[in-house]
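Data block below; observations after.
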Amino acid sequence: MRSFYLASLLLMTGAVSAQVPGFMGKRFSLFVDANATPAFFIQNDHNQVIAAGESARTYNSNRLAFTFRPQVTAEYLVGRNLSLGFSYSRISVGTQGARGASTDKNYALDDDVVRGKSLGLELKFFRFKKSASIAPIGFYRTVSVYLTQTNAYDNRGSKAKLFVNDFVYPVVSYGMGRQTMIAKSLLLKTGVEVGWAFTPGNWLREGPDDWNVQEFSGYNVHQSLAGDYAVTLHVALGYTLF
Amino acid sequence: MESTFSIDDFLASGSVLFNDAVSVYLDEVLKEILKTQPDLKKKVRVYAVKSASVNAFTTNSGLIFVNLGLLSRLDNEAQLAFVLSHEVVHYQKKHVINAYVTNIDIEQGRGDYRKLSVSEKGFAKSTYSKEKESEADLSGAAIYQKSDYAKDSVENIFDILKMADHPLSWGAFPKDRFESGRYVFPDSFTTIDVKPFAVDEDYDDSSSSHPNIKKRREAVRDKFKGISGGVDFRISETRFQSIRKIARYELCRQFLLEHRYAESLALATSLQGENPGSSYLRETVAKACYGLARQGLKDEVNLDEEEWVGEAVRIFNFVKQQSDYELSVLALRQLARCQEATPNNAEISLMTKDLIKAFSEKHDSLTLNFVRLANGQPIDHLKYPYTQYAFADLKNPAAFFDVLDKNVVPTKKVDTRPKTKKERKEQRKLEAEREKVLAKQRRKEKRKPLNVNKVVVVNPLYKKIDKRKSQRVRHVEAEKVLIAIDEKINDAAGKLGMATEIINPNTITNTQVSQMQSNSVLSDWIDEQMRSRDKTISPIYNEMVALADKHKTDHFMWMGGISVKTKRYLKGFYIGTAIIVPTLTPWCAYYVFTADAATLYFALVFNVRTQELELLDVRPMAMKDNGALLQSNIYYTLFNLKN
């Protein structure tokens, strides 16, 4: 099956090559993306607590803080205004304890770290006709699908998974932004992406009092994952290789 | 600095003649009048300009430009000497730079110009300019008086200036030169009362840059009172006549390029009086008639009756009295006669075919409207009966009629009988199917690769404008882009395996005379193309084909870009947003600290042999320009040419 997909991709790119200029003929770009998610959507003071102790904990949200999800994306222009991208990213977010909530369950005060990875497939449509330039420079819109694989850990450095089976959820997203070339072949991508993680939505309707310790920890994973993909600001550096 | 860059642009435009016979002669006359002031002579240079406008002008850097339009009207070298004396004063007294500064003061309402209304500002500028022109006249007269040129020749220069807006022609209009055999125009075409010249010298000059002719004439007359002597020619009368002849012949071409066909016709027919066998003049007349006929077929012949006075009014009447049908026949006849003289002239051949096509699109049954043999029987019921004989007395009428028959657009047969509902439905269906086939053909045509392997890039243009700054046009930054643009074009072409030649006046050196000549012809051609609303055959088609042969490609590209930066508004809104939603701080900071920018890239690629615009690449981009963006766009244009 893998060979089939590879052959299809090669056939597709070969068939459309006549209409694809790229940058000086280069159609393959590699991006390193910070993927900043505003802490506004996902509060992450847990890691500070692990590192500096309880005194570091603050319930005053730092709305300027960001959570990062480093990502590497390989993109290939398959048409004059369409590129196909494959991405790999590392997920590492803290979960939010139930402090301040009316619960008498001790475990509800516990925070975890959700760690894992995701693989993504991205279709990027360059807005060639409307106020754009020649891809890979110009304004774009993206439609992406990610497959995330995560688990919960006590802290950032811990290797012991809290769940036997990893959480595997798909995410779909829509993004827009622009790419400029700040030096020859060096691209700067800026944009925003909104996504939806297909996790169970219990955390939207229920509270810590409804859950046992496993459920509490699991739903925290769901909540963190959804928050991590809800709104992402893209700031990426790319290089057109060939 | 702005004026320096504007002068550079002008020098690179291809209109200025460097080191040619005319400019060399002008410089010798300048040297003659400044022979007592060698230091001043070292600071000024004079060049001829290919322009029909009756004018001469000076820059603050000491460059004097004399238009061929003025040169072609002068009677002698002495008059040229006075013109140059006048222009030298503009430089000597720094009139150009002072006028520039004063005009800014007036515009911005500084000092004495405070509280002026718009019309008062216009008046103030005009008054200041007139003062400087009067000063140049009087001080120029002082320089001139020191020379050995005839003192009584000066006043005639004002007669020439007085006639500046009128077409240049002399002698009686030779209507019979366009006739032969039974092809004879109605008398009404040229029988007209010729009114004497009656140009008012004392016109209202309140909004003019110069005082009126009467004031200038009287002031200069006073200056020369009691002074006489001198000669009309100091360098050489023969050379003056030769230079003026060059100017007049070139002017015929300029008029054609500017689509001033009647003026070209008037001047060429006047020159034919002196040189009836000239093939250049014969072709100029044919091309002028072709231009008038094409304009006539579109009802676009636009002549200002007031400009045509004296004997020239006969030419005006000759053109104005003819219908588009008659003008087309006249033009075809002139073209046919040229073709007989030079059978391989591609330009004339294309004009003939093009005119037949346009003519037959408007007038049906064209092939039946002409007598084909010298002794052929007359055709009845024609609206313009005399036109049927236009081609009968050609040396080889059969050859002309062969071209006519092959290029006539078939008359559309219109079925006027009433149709049934079923027939109408059937017809609509057929039309829809036809349209579908045509659309498919168009798509196929569009997709057809151009397969261009070599392109000549002509005079790349780049402008940077920053509306936030007082000096909005950023000449220095734009020039940097232009100097580096050759490398970008070559890089892109190299990647695509294309060959390029770049005619970039910004990088041309004095030794590249051939490049400068190419640039001049190409500038003339593209200017002419831009004037044409419809595709017509260029009057310098043959020159362009010669260039295509020289550069070994038919494809010439005009390209460039314009980048504009403007101030962003609503900065307070972005600052407020960042305070309320700190998460958005990076986004807000970007908007607060950067300018709003837009860039326009364009490229036009013509096949000069077919005169088709084969590629039009115009892209407005809502982004700041940079080297990579320009590089990317150049590559894309060349990519489209290659694929």
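Just so we're clear, the structure is a prediction, and the values are computed from it rather than from any experiment.
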Exercise for the section: Kindly check if the number of other-residue, nucleotide or ligand heavy atoms within 6.0 Å of NZ (B:Lys480) is above 12? Expected result: no
Fill in the blank from the handout: So CG of B:Leu638 and CE of A:Met24: to nearest 0.5 Å the spacing works out to 9.0 Å
Handout entry: Listed partners of A:Lys26 passing side chain to side chain contact (heavy atoms under 4.5 Å, CB included), at least two apart
Key = A:Ser185, A:Thr240
Fill in the blank from the handout: Pair count under 4.5 Å, heavy atoms only, with chain A: among B:Tyr590, B:Tyr601, B:Trp587, highest is B:Tyr590
Practice task
Tell me, yes or no, whether the heavy-atom count around B:Lys535 atom NZ, taken from other residues, nucleotides or ligands under 6.0 Å, exceeds 12.
Solution key: yes
Problem - Exceeds 12 heavy-atom contacts within 6.0 angstrom, atom CZ of B:Phe593 - result: no
Handout entry: Close side-chain approach of A:Ile134 and B:Arg619, heavy atoms under 4.5 Å
Key = yes
Practice task
Answer yes or no: are there more than 12 heavy-atom neighbours, outside B:Lys467 itself, under 6.0 Å from its atom NZ?
Solution key: no
Problem - B:Asp491 versus chain A, the contacting section by heavy-atom distance below 4.5 Å - result: both
Practice task
Please examine the side chains of B:Met621 and A:Ile137, heavy atoms only from C-beta on, and report whether any two atoms are closer than 4.5 Å.
Solution key: no
Exercise for the section: Determine whether B:Gln631 and A:Phe23 make a side-chain contact, defined as any pair of heavy atoms from C-beta on separated by less than 4.5 Å. Expected result: yes
